[in-house]
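Below is one structure; the comments refer to it alone.
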Amino acid sequence: MSFFHFSLPSATSPEHILSEFKPTCVVGLVGHSRSDPSSMAAIINSSLPGAQFVLTKSTSEIQCFFDGDQGILYMYVGRHDDINKLKNLQQLFESQNSHLIHHQELTKLKHEEIKTWLWLFSVCHFIVVLHPSQSFDVEYIRFFRTTQQLLHHFAPKIKELYPDTELLATARIYRPRLLFVFQSNSASMHLPPKKGRQGFNQQCKRLGLEMETQIFHIFRKCRLLPKQNSRGTQQDLAHLPPPNELREPFVLFLDGKGRPSTESPSFKHVDTALYYISQLSATAPQYTQDVKEDTMTLGSFLKRNVKNLRSQAMQEKGDGYHFLPLGEWYSAAIQLYQFYCHAENQGNFSKLGPAKIVTQLDPEGQYSENRCQKAYPVASAAYMDSLPAHYTHATHQRQLQHALHILRTRAKGPAFSTYAAKLQEDCEAIWADGRKGCESISLTGNACVLPLHDSSRVHSNRLRMRSACSCGRSISYRSDPFTLESANHEFYISLSDKCCSTLPQHRLFGRNQLSWMICNIGPASSYQTTVGIEQPGFLLGSQYLLPWDLPPDEAWAPEPKNAWRGKRSVRCYVGYEYECSKGHRFYCTAGGVPVKGSPANMVKENSGGNNVLSDMVLYTTCPSHTNKPLLGQLMRIVVCSPEQVSLSVCLNVSYRNILISLTAPDNVQIPGGKMTVIRLPYVYCDENDNPLPFDIEAYLCKGALIPMRSNRRRNDKK
């Protein structure tokens with residue numbers, strides 16, 4: 001007995017193959033198992049003496065076994081949905097936790113399989129489809145149709161590449177015949193009664209004939225066979241004889257061990273299967289044939305079909321009826337293998353041909369592709385919705401996430417990640433195409449609205465706020481500041497030329513980045529308690545200074561409450577002024593409570609002293625009646641003191657555990673008998689000149705004003 005094994009692709013020398021001159025029949029075995037991963041290979045090995053097929057992890061590896069005595073070459077290849085490959089995919093999914101990777105690997109296996117099918121349907125006399133159950137797997141129809149269409153697609157290319165190979169003049173060596181082998185479920189088997197065994201065998205054969213009728217009808221409806229009464233040509237996918245012909249059957253039923261189905265499910269199960277098949281084939285042409293009493297194994301089933309084909313080849317000549325020596329067949333077949341399956345020639349394969357053909361292998365991917373195509377324009381429009389002409393990276397990311405959310409809610413399946421990446425790429429391109437905005441943020445937290453520019457252009461966000469000058473006598477609009485210098489210096493200097501600089505005494509303190517000012521706006525006697533401060537912007541009833549009574553002690557040291565009652569005190573007036581972005585101005589008491597007063601109901605208690613001896617918040621809510629409450633900022637301290645009282649200004653700001661001293665190292669002295677305004681910075685910074693954001697927890701430390709005995713008054717006494 002002469003036989004040998006080899007595999008494709010093979011790294012060994014093919015001399016022993018090329019030296020074979022015996023006419024050979026080529027049989028391709030395609031199938032998979034669902035329970036025991038090695039059961040299908042074991043069934044084939046037990047039916048073919050000398051065969052040693054093993055389980056492989058690849059759908060592109062072809063195992064070959066040549067039976068020299070019979071002159072038959074058997075080639076076996078697994079399928080993408082074999083149980084061992086599905087287990088590997090499950091392990092990959094569990095390790096990666098990604099449906100996309102799982103789908104990509106499954107699609108890759110299908111593509112490898114269809115490439116192998118293209119080669120098998122070009123070089124085999126027979127293609128044997130092995131089923132692990134008693135039902136026909138309609139998934140094969142999709143592979144048959146794709147194979148047929150791709151064979152037509154690549155035929156001109158093969159003829160162009162191999163013009164000198166006579167065997168490839170039709171782009172394939174043989175047009176194969178299809179055989180189907182079904183395997184019963186051994187888990188549900190039991191021996192039927194002895195009297196009914198002969199009738200049971202007849203029913204199993206009748207089941208095979210009904211299955212042949214149904215398969216033939218399905219192939220005819222799916223246009224996988226030539227027209228009726230036509231013998232077909234090399235351009236057809238395969239040959240499948242009508243069930244009414246006197247011939248060898250092309251359907252075989254085996255039990256779970258590869259034997260003829262003499263032990264099978266109960267009669268009830270077989271009758272049920274026959275009933276459903278008869279219902280499915282009710283519209284198909286009905287063919288009848290006498291049932292033969294003999295049974296066949298897988299090996300005898302294949303050999304009888306091979307023998308029948310050899311007999312036909314002797315009687316008539318035509319497509320598919322010639323038998324080449326193994327060496328001559330191998331020389332032509334290996335050229336087709338290199339075209340379809342070899343990694344070096346994948347460029348010829350053009351990614352499996354037209355997309356409309358390949359997508360038939362992946363209905364889930366095609367469904368996902370259609371959903372994503374419909375959802376993509378909606379998501380892209382969502383990104384463009386309400387976008388300004390130029391916008392920042394934060395706005396871009398916000399709109400992009402919104403668009404991805406829209407895509408995620410409408411698009412499903414494995415194509416989502418591809419379209420999500422495309423959406424992100426397109427949105428990035430839109431933003432980068434002259435729509436990038438300046439990323440600078442103003443000191444109040446608003447972005448610049450200008451296009452991306454260099455430092456030669458001044459930032460702007462077109463926001464304007466009303467603000468009073470240093471002395472408070474005039475109000476003007478200011479742009480949203482982007483630098484400390486524009487916030488604390490430039491704006492007040494621009495107004496100073498028209499207002500504050502005309503005052504007899506004004507002093508500017510600090511650097512340009514953190515400047516503050518003291519100016520005298522008149523004598524202390526100019527303040528009228530029934531009128532309050534007569535300056536623009538004050539809310540009604542909040543323009544009054546609060547009385548600040550000082551004890552008649554030389555040291556002017558603070559004393560416990562009521563310690564100097566009955567003594568004649570010295571009255572000063574003080575006000576902590578807050579200002580919002582709308583230009584509203586108001587005085588507050590300790591705790592940030594706005595002052596509410598009127599000429600008929602004046603505030604007479606010593607509330608001003610409480611302010612001086614308390615920490616005053618830097619930011620509080622503006623009492624103006626607006627839909628959106630605005631934040632008022634402590635901007636000025638106004639104080640009126642008699643001539644005998646001078647004041648020492650000590651300004652310290654506490655900001656998130658950071659102490660900022662504006663008057664260090666020496667306090668600033670202001671004379672008595674004046675109405676003095678202390679204008680505070682608009683934006684504060686740390687010791688490294690880094691701007692500090694607005695924070696409602698920041699406050700001006702107590703003791704900002706320290707009363708002192710005026711030197712002028714002491715000299716008058718002397």
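Quick note: numbers below take in every heavy atom, side chains included, and nothing from hydrogens, waters or symmetry partners.
Sequence neighbours left out, the pairs with a member in residues 448-471 that pass ring pair (Phe, Tyr, Trp, His ring centres under 6.0 Å) are H453-H459, H459-F482. Judged as a salt bridge (charged side-chain N to carboxylate O under 4.0 Å, His left out), the pairs with a partner in residues 416-444 (not counting sequence neighbours) are, in order, K422-D426. Residue pairs meeting the salt bridge (charged side-chain N to carboxylate O under 4.0 Å, His left out) criterion with at least one member in residues 395-414, sequence neighbours excluded, do not occur.
Looking at L662 and P681, their side chains come closer than 4.5 Å, going by heavy atoms from C-beta outward. Contact of the M635 side chain with the L680 side chain is not registered, since no non-hydrogen atoms from C-beta on lie closer than 4.5 Å. You'll find the side chain of L514 stays beyond 4.5 Å of the side chain of L484, heavy atoms only. The closest side-chain heavy-atom distance from H393 to W431 is below 4.5 Å. The shortest distance between side-chain heavy atoms of E364 and P414 falls below 4.5 Å. Using a 4.5 Å cut-off on side-chain heavy atoms (C-beta onward), M675 and I533 make contact. Using a 4.5 Å heavy-atom threshold, the side chains of V668 and W516 count as touching. Residues R679 and L508 are in side-chain contact: their nearest non-hydrogen atoms beyond the backbone lie under 4.5 Å apart.
We find the CG-CE distance between N611 and M616 to be 4.5 Å, quoted to the nearest 0.5 Å. The distance from atom CZ of F694 to atom OG1 of T444, rounded to the nearest 0.5 Å, is 6.0 Å. Expressed to the nearest 0.5 Å, how far CG of N461 lies from OG of S440 amounts to 10.5 Å. Rounding to the nearest 0.5 Å gives a distance of 6.0 Å between OG of S515 and NE2 of H489. Note that CG of L404 and CD of Q397 are 9.0 Å apart. Values are rounded to the nearest 0.5 Å. Residue S526 holds its OG atom at 10.0 Å from NZ of K674, rounded to the nearest 0.5 Å.
Aromatic pair Y684/Y655: ring centres not closer than 6.0 Å.
The backbone N or O of C640 lies less than 3.5 Å from no partner atom in the side chain of W548, so there is not a single donor-acceptor pair. Side chain of R636 to backbone of G575: no donor-acceptor contact under 3.5 angstrom is found. A side-chain donor-acceptor contact under 3.5 Å links S368 to the backbone of A415. A donor-acceptor pair under 3.5 Å is formed between the side chain of Q543 and the backbone N or O of G541. When atom types are taken as modelled, the side chain of S501 and the backbone of S496 share a donor-acceptor pair closer than 3.5 angstrom. Side-chain N or O atoms of N488 include one that pairs as donor or acceptor with a backbone N or O of Y682 at under 3.5 Å. With hydrogens and angles disregarded, no donor-acceptor distance shorter than 3.5 Å links the side chain of N520 to the backbone of T676. Remark: side-chain polar atoms of R466 are not paired, donor with acceptor, to backbone N or O of G537 under 3.5 angstrom. Formation of a donor-acceptor pair under 3.5 Å by the N370 side chain with backbone atoms of Q366 is found in this model. Proximity of a side-chain donor or acceptor of S614 to a complementary backbone N or O of N610 within less than 3.5 Å is detected.
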Inset, instruction - Quick one: do I678 and L651 satisfy side chain to side chain contact (heavy atoms under 4.5 Å, CB included)? Show the steps, please. - result: CA-CA 10 Å; I678 304 172; L651 301 178; 4.1 Å; yes
Inset, instruction - I would like to know whether L659 and N652 meet side chain to side chain contact (heavy atoms under 4.5 Å, CB included); could you show each step before the answer? - result: CA-CA 7 Å; L659 185 63; N652 296 306; 4.0 Å; yes
Legend entry - Y419 vs E369, side chain to side chain donor-acceptor pair (under 3.5 Å): CA-CA, chis, key distance, verdict: CA-CA 9 Å; Y419 278 83; E369 184 78 15; 2.6 Å; yes
Inset, instruction - Using the side chain to side chain contact (heavy atoms under 4.5 Å, CB included) rule, take R656 and L692 through it: C-alpha gap first, then chi angles, then the decisive distance, then the call. - result: CA-CA 10 Å; R656 295 184 183 178; L692 299 176; over 6 Å; no
Inset, instruction - Apply side chain to side chain contact (heavy atoms under 4.5 Å, CB included) to the pair C622 and F586, showing each step before the final yes or no. - result: CA-CA 8 Å; C622 178; F586 53 95; 3.9 Å; yes
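Of all non-hydrogen atoms in L700 and V653, the two that sit nearest each other are CD1-CG2, 4.0 Å. The heavy-atom pair separating N690 from D686 by the smallest distance is N-OD1, 2.8 Å. Nearest heavy atom pair, residue Y578 against residue T620, reads CD2-CG2, 3.8 Å. For H390 against V449, the heavy-atom pair with the smallest separation is CB-O, 4.2 Å. Heavy atoms only, all atoms of each residue included: A403 and Y383 are closest at CB-CB, 3.9 Å. In terms of heavy-atom proximity, C685 sits nearest to I660 at O-CD1, 3.5 Å.
Environment of CG in L540: sparse, with no more than 12 heavy atoms of neighbouring residues, nucleotides or ligands closer than 6.0 Å.
Partners of R462 under the side chain to side chain donor-acceptor pair (under 3.5 Å) rule, at least two apart in sequence or in another chain, do not exist in this structure. With sequence neighbours left out, K582 forms a side chain to side chain contact (heavy atoms under 4.5 Å, CB included) with C580, H584, L630. Contacts of R585 classified as salt bridge (Lys or Arg N to Asp or Glu O under 4.0 Å), with partners at least two apart in sequence or in another chain: E577.
For the side chain to side chain donor-acceptor pair (under 3.5 Å) test with D480, the passing option among S442, S486, S460 is S442; the others fail. Screening Y544, F538, Y576 for a ring-ring contact (aromatic ring centres under 6.0 Å, His included) with Y587, the sole residue that qualifies is F538.
With Y492 as the aromatic partner, R478 meets the cation-pi criteria of under 6.0 angstrom to the ring centre and within 45 degrees of the ring axis.
Side-chain contact annotation: S467 with E579, donor-acceptor N/O pair under 3.5 Å present.
The residues D615 and K702 are annotated as not salt-bridged, no charged nitrogen and carboxylate oxygen being separated by less than 4.0 angstrom.
Relative ring orientation between Y573 and Y527 is described as tilted, the plane-to-plane angle lying within the 30° to 60° band.
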